[in-house]
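Reading through the structure tokens given below for one structure.
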Amino acid sequence: MVPPGEANIRSYTMGAVGWPVATHDGEATILHADLDAFYASVEQLLDPTLRGRAIAVGGSVVLAASYEARATGVRAGMAGWRARQLCPGIRFVGGHFEEYQRHGDRVMDVLRDFTPWVERVSIDEAFLDVAGAIHLFGDPSEIATAVRRRVRREIGLPLSVGVARTKHLAKIASQVAKPDGQVTVRPLDERAFLDPLPVELMWGVGPSTQRRLAAAGIRTIGDLAAAPGASLERLLGRAVGSHLSQLAVNVDPRRIEAPRRAASVGAQAALGQREASPELVRVTLAYLADRVTGRLRGAGRAGRTVTVRVRFGDLRSVTRSVTVPVAVGTTLTVTELAADLARDALADHPEQRHVTLLAVSVSNLVEQGELQMELPLELDEERHRSGSPQGAACWSVDRSLDAVRARFGRSSIDYAAVRFSGAARVPDAFRELAERDPS
DNA sequence: TCTGGGGTCCTAGGACCC
DNA sequence: TCTGGGGTCCTAGGACCC
């Protein structure tokens with residue numbers, strides 16, 4: 001491994017070193033800090049026998065892979081059998097999900113020692129604006145070095161940092177710096193740094209956009225910057241086209257932001273290839289609705305729109321959604337709405353015999369006081385006549401179940417109808433980690 | 001033997017209102 | 001009787017990100 005902090009520091013400087021920075025606006029004070037192969041690195045930290053070895057977190061699917069494993073082509077999201085094929089010596093570890101959260105939080109605490117302007121974007125990644133910290137800790141490159149040294153010494157994890165004038169540039173710089181390095185892009189060297197890089201390093205360029213750009217002969221960020229904005233908008237649509245052409249010429253107005261509340265809450269379950277029986281669909285949706293509404297209730301929220309996604313045997317998927325006049329948040333109501341939507345989706349595709357995934361999400365969220373409860377009878381008189389319990393009763397039953405689970409664990413109690421027999425491909429602890437607000 | 005789980009944003013058509 | 005223009009909300013799908 002690279003010694004802490006000292007090695008692997010690069011600076012993209014074309015002319016004389018230390019040219020004065022053009023304007024205050026133009027200073028490179030944004031840092032993007034990104035932990036390397038995060039889950040795998042934590043495992044290697046916890047178990048020294050794993051260090052230097054090809055390891056993956058997961059089992060049937062790779063959730064994260066160490067750099068040693070990545071060298072053989074193993075990637076996150078890959079099926080476990082495929083990873084073993086590519087890397088016969090790979091060692092799979094179950095995953096200490098609580099430890100990931102704890103280590104991620106500790107790293108963020110270190111970052112906040114340098115500046116309060118920290119925008120955490122995920123468990124293992126954050127932007128910083130260090131403009132106000134220079135007089136305390138030195139120039140931004142020195143701050144990057146100090147941050148990496150502290151994270152390495154105090155926590156034991158490798159961290160890569162990009163330093164630049166904008167978030168977009170800093171993010172690209174940290175990707176270029178990996179693993180365990182840092183890259184500073186001086187304002188005068190931005191073009192020289194970006195032009196040769198492949199377009200897919202840009203924020204917002206995924207497989208689809210990359211294909212379309214390649215078809216138009218655009219492969220590098222330099223190609224993109226040279227292309228007329230109007231032609232990009234024709235090629236990619238107005239929003240994506242103008243966004244990319246701005247980023248390519250280094251216009252990125254994004255600032256470091258405070259965390260926002262989530263706009264939607266969802267859950268999904270991959271099922272393998274299963275026959276789309278009404279029982280399977282019902283039981284799975286009930287499980288998902290229960291997860292989603294439990295989180296909503298915990299946050300004191302409820303939502304007016306319920307969306308269901310059904311992915312079929314051929315991996316194509318459809319979504320159906322409905323917006324109701326009163327925000328809903330009980331397990332039973334969301335289950336009912338989701339079941340109706342799934343029934344419609346399946347009825348629209350009678351040729352599809354199998355489902356491979358079901359998802360439920362609730363959006364159009366509102367704050368929900370404990371006293372303010374949904375009234376399902378207003379939503380659907382048919383259901384009311386059929387004898388469904390009233391909203392208040394649903395809500396209080398759900399809150400009781402939530403309380404039991406908080407004390408004894410989530411599997412301690414369930415609606416009888418909610419027992420989820422579907423293939424749980426991923427541990428509950430991983431779901432809970434992914435759920436967490438990064439703030 | 002096709003690929004987990006949790007999110008955001010954009011587009012486009014239609015309904016509806018003024 | 002036919003017509004305009006603008007705005008908001010809803011739905012479905014797609015692309016992208018970590």
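Since this is a predicted model, take the numbers as computed values, not measurements. Below, chains carry the letters A, B, ... as their sequence lines are ordered, and counting in each starts from 1.
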(message) Tell me the closest heavy-atom pair linking A/Asp124 and A/Asp34, and the distance in Å.
(response) O-OD1, 3.5 Å
(message) By the 4.0 Å heavy-atom rule, please label A/Ala76 as base, sugar-phosphate, or nothing.
(response) nothing
(message) Need to verify one output field. Residue with the more 5' nearest nucleotide on DNA chain B, A/Arg311 or A/Gly266?
(response) A/Arg311
(message) Whether A/Arg82 contacts B/dT1 is assessed here as follows: a side-chain N or O lying under 4.0 Å from the phosphate OP1 or OP2. Is that the case?
(response) no
(message) Protein within reach of the bases, or only the backbone? For nucleotides 11-18 of chain C, mark each nucleotide 5' to 3' as B, S or -, using heavy atoms under 4.0 Å.
(response) SSS-SSSS
(message) Would you say that A/Ile172 contacts A/Ile221 through its side chain, given a criterion of any heavy-atom pair below 4.5 Å between the two side chains?
(response) yes
(message) Checking A/Glu119 now: which residues fulfil side-chain hydrogen bond (donor to acceptor under 3.5 Å, both in side chains) with it, not counting sequence neighbours?
(response) A/Lys167
(request) Just jot down the side chain to side chain contact (heavy atoms under 4.5 Å, CB included) partners of A/Arg212, sequence neighbours excluded, or say none. (result) A/Ser208, A/Leu236
(message) With a 4.0 Å cut-off on N to O distance, would you call A/Arg106 and A/Asp109 a salt bridge?
(response) no
(request) Taking only Lys NZ, Arg NE, NH1 and NH2, and the carboxylate oxygens of Asp or Glu, determine whether A/Glu336 and A/Arg282 approach each other closer than 4.0 Å. (result) yes
(request) Report the secondary structure of DNA chain B in dot-bracket form, marking unpaired bases with a dot and bases paired to a different strand with |, and treating Watson-Crick or G-U pairs with both distances under 3.5 Å as paired. (result) ....||||||||||||||
(request) Specify the residue among A/Ala263 and A/Ala79 whose closest nucleotide of DNA chain B lies further upstream toward the 5′ end. (result) A/Ala79
(request) Starting from C1' on B/dG4, measure out to CZ on A/Arg431 and report it in whole angstrom. (result) 9 Å
(request) Indicate, with a heavy-atom threshold strictly under 4.0 Å, whether A/Arg75 touches base, sugar-phosphate, or nothing. (result) nothing
(message) Please confirm whether the shortest side-chain N or O distance from A/Arg260 to OP1 or OP2 of B/dC9 is below 4.0 Å.
(response) yes
(message) When the P atoms of C/dC18 and B/dT3 are compared, how many Å lie between them, rounded to an integer?
(response) 23 Å
(request) Please confirm whether the backbone N or O of A/Glu98 pairs with a side-chain atom of A/Glu432, one donor and one acceptor, at under 3.5 Å? (result) no
(request) Taking only heavy atoms on the protein side, list every residue of residues 213-249 of chain A lying under 4.0 Å from any atom of DNA chain B, sorted numerically. (result) A/Arg238, A/Ala239
(message) Any non-hydrogen side-chain atom of A/Val308 less than 4.5 Å from a side-chain atom of A/Leu288?
(response) no
(message) Checking A/Asp428 against A/Arg291 for the salt bridge (charged side-chain N to carboxylate O under 4.0 Å, His left out) test, could you report, in this order, the C-alpha distance in whole Å, the side-chain angles of both residues, the deciding distance, and whether it holds?
(response) CA-CA 11 Å; A/Asp428 266 5; A/Arg291 284 200 79 93; 3.5 Å; yes
(request) Return the set of residues passing side chain to side chain contact (heavy atoms under 4.5 Å, CB included) with A/Ala69 (not counting sequence neighbours), or none when no residue passes. (result) A/Ala54, A/Ala65, A/Ser66, A/Val74, A/Ile90
(request) Specify the separation, in whole Å, of atom CG of A/Leu357 and atom P of B/dG4. (result) 7 Å
(request) Please state how far atom CD in A/Glu257 lies from atom C1' in B/dC9, giving the value in whole angstrom units. (result) 14 Å
(message) In this structure, how many angstroms lie between the P atom of B/dC9 and the CG atom of A/Asn364, rounded?
(response) 14 Å
(message) If only side-chain N and O atoms count, and only distance matters, is there a donor-acceptor pair under 3.5 Å linking A/Ser160 with A/Ser174?
(response) no
